[in-house]
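Below is one structure; the comments refer to it alone.
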Protein chains: 2
Amino acid sequence: MVGVASDAGARRTRPGRGRADKAAAIARAACEVFGRDGYSRASIDAIAAEAGVSTRTLYNHFPGGKAELFRSVMRWSAGRVRDEQLARLRRYLDPHRPPRPEDLERDLLALARAWVALMTDFRDHFSLVRQIQGEAGHVPAEVLDAWQEAGPRAVAREMAEIMAALADHGLLDVHDDPAQAASHFVALTAAEIAQRSYWGVVPLPPEETDRITAAGVRAFLRAYGAAH
Amino acid sequence: MVGVASDAGARRTRPGRGRADKAAAIARAACEVFGRDGYSRASIDAIAAEAGVSTRTLYNHFPGGKAELFRSVMRWSAGRVRDEQLARLRRYLDPHRPPRPEDLERDLLALARAWVALMTDFRDHFSLVRQIQGEAGHVPAEVLDAWQEAGPRAVAREMAEIMAALADHGLLDVHDDPAQAASHFVALTAAEIAQRSYWGVVPLPPEETDRITAAGVRAFLRAYGAAH
DNA sequence: GGTAAACTACAACGCACGTTGTAATAACGA
DNA sequence: TCGTTATTACAACGTGCGTTGTAGTTTACC
């Protein structure tokens with residue numbers, strides 16, 4: 001169970017010559033290796049090899065060593081995915097242009113599908129999230145809080161605003177708690193998939209994710225659809 | 001392979017003299033240390049010290065070493081908590097004696113509260129679950145599947161049966177999918193708490209968990225309450 | 001009290017890994 | 001072309017840890 005199968009010659013394309021290129025390559029590689037193996041099992045050598053740099057260069061770019069590298073990668077990955085999450089949110093549910101009532105379910109379903117697709121599109125990130133949850137007791141509380149604030153909470157706030165907007169337009173009844181409605185939307189559409197697929201590591205059959213997502217959206221609309 | 005006696009005779013001071021006592025003490029200690037530190041960071045010395053035995057005794061009881069110990073503890077802890085989960089399920093929603101309609105929300109709320117209380121009552125187990133999710137890529141697939149089958153899936157099946165029974169008695173409308181209804185019940189009442197509290201590691205204020213749980217039950221009843 | 005099993009302390013081996021220093025080499029700007 | 005900087009290969013150190021062997025001690029039981 002302990003074996004790490006990634007062979008060492010796995011340097012893909014050479015990072016460019018600039019400093020920034022190396023730093024980005026290291027961050028991407030660290031995200032992948034930390035996500036796959038976890039903090040303790042991930043070795044600096046494996047990360048450097050995956051990034052195509054020497055271990056010495058890695059230490060030159062991240063003088064704090066392994067611990068600081070992990071924290072940097074947490075911030076880097078959280079920001080990247082948060083931006084993409086916010087983009088998808090606004091693409092499918094623009095708070096300034098609410099859908100027609102007969103299109104609400106269609107748009108919510110599209111959003112839910114785009115949401116669960118994130119787990120495969122950013123597999124490395126969500127693997128890292130999984131590892132962060134296991135590592136929570138060993139990460140300083142303020143680092144953990146900063147990560148939540150820069151990632152999950154920012155997304156939750158935006159989604160709550162959209163729920164409130166939909167309620168203002170009479171499309172939903174959020175029962176005076178748009179944040180709770182947003183949380184329930186994510187729980188109904190993504191929680192089961194995340195749990196059963198280990199956050200995208202063991203992908204479910206597409207028809208299964210479609211079924212679960214659609215059932216989640218229908219349940220959400222029964223719970224939060226506007227009374228008529 | 002050495003099994004772990006499933007008796008619950010927990011000696012609180014020192015492990016007793018019998019073989020079974022030692023094995024149980026080691027399993028309990030391993031559950032705690034693996035859950036706190038994760039597989040890689042957890043050391044055999046720390047587990048042995050926590051159990052109050054020598055490392056040599058640990059290896060005598062678990063000849064497979066660290067990897068086999070982890071797998072044994074997965075099975076042991078999953079079975080223990082599954083039994084408690086099933087007990088609470090039946091205590092609050094006996095499928096043979098459905099509640100009166102006016103008591104349904106009260107009973108569902110009591111069940112939901114008992115459900116989230118599991119996370120603090122069995123903190124070590126759920127910490128271990130968190131670590132298993134991070135370790136999923138390094139645990140043989142059949143071990144992972146056996147664990148799911150002995151724990152989460154067994155509970156999900158039982159809850160689905162209860163949902164079906166409530167539907168048969170006209171208390172719920174499960175929309176032809178009692179398993180999905182059960183999954184949604186858990187998602188609505190426990191998912192947000194599990195995520196925000198890191199599976200019980202960083203406990204939320206009690207009033208916050210109460211609020212979330214109650215809102216989840218109300219949303220569930222709006223989505224799955226019998227039409228009237 | 002005696003015997004067998006269980007248990008403990010202790011040492012030792014080997015390996016993997018984080019980290020640092022150093023000297024040589026390649027890239028880039030003036 | 002020269003000098004500066006980034007990068008590399010390589011060695012080395014220390015440490016922590018999984019695992020095993022051994023010899024002595026305790027416990028259980030007849």
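Heavy atoms only: backbone and side chains are in, while hydrogens, waters and symmetry mates are out. So that the names make sense, note that chain A is the first sequence line, chain B the second, and so on, each numbered from 1.
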Under 4.0 Å between a side-chain N or O of Lys22(A) and OP1 or OP2 of dA27(C)? no
Please tell me if Ser54(A) has a side-chain N or O lying less than 4.0 Å from either OP1 or OP2 of dT8(D). yes
Mind calculating the distance between [atom1] ([X]) and [atom2] ([N]) to the nearest angstrom?
X	N	atom1	atom2	answer
His61(A)	dT5(D)	NE2	C1'	11 Å
Tyr39(B)	dG18(D)	OH	C1'	9 Å
Asp45(B)	dG16(D)	CG	P	12 Å
Ile47(A)	dT19(C)	CD1	P	11 Å
Tyr59(B)	dT22(D)	OH	C1'	17 Å
Leu58(A)	dT20(C)	CG	P	12 Å
Ile44(B)	dC15(C)	CD1	P	19 Å
Asn60(A)	dG21(C)	CG	P	11 Å

Residues at least two apart in sequence or cross-chain that pass side chain to side chain contact (heavy atoms under 4.5 Å, CB included) with Asp145(A), listed by chain then number, are Arg153(A)
Among dT7(D), dG18(C), dT8(C), the one nearest any side-chain atom of Ser43(A) is dG18(C)
Which listed nucleotide (dC17(D), dC17(C), dT8(C)) is nearest to the side chain of Val53(B)? dT8(C)
One thing to verify: whether Arg88(A) and Glu84(A) come together as a salt bridge, which I'm taking to mean a side-chain N less than 4.0 angstrom from a carboxylate O. yes
Is Ala42(A) touching bases, backbone alone, or none of the nucleic acid, heavy atoms closer than 4.0 Å? sugar-phosphate
Side chain to side chain contact (heavy atoms under 4.5 Å, CB included), that's the test. Do Tyr39(B) and Leu69(B) meet it? Break it down for me. CA-CA 10 Å; Tyr39(B) 179 79; Leu69(B) 175 60; over 6 Å; no
Would you say Asp177(B) and Arg211(A) make side-chain contact, with heavy atoms under 4.5 Å? yes
Residue whose nearest DNA chain C nucleotide is more 5′ - Ser40(A) or Arg56(A): Ser40(A)
Closer than 3.5 angstrom, by distance alone: can the side chain of His138(B) be matched with the main-chain N or O of Arg36(A) as a donor-acceptor pair? yes
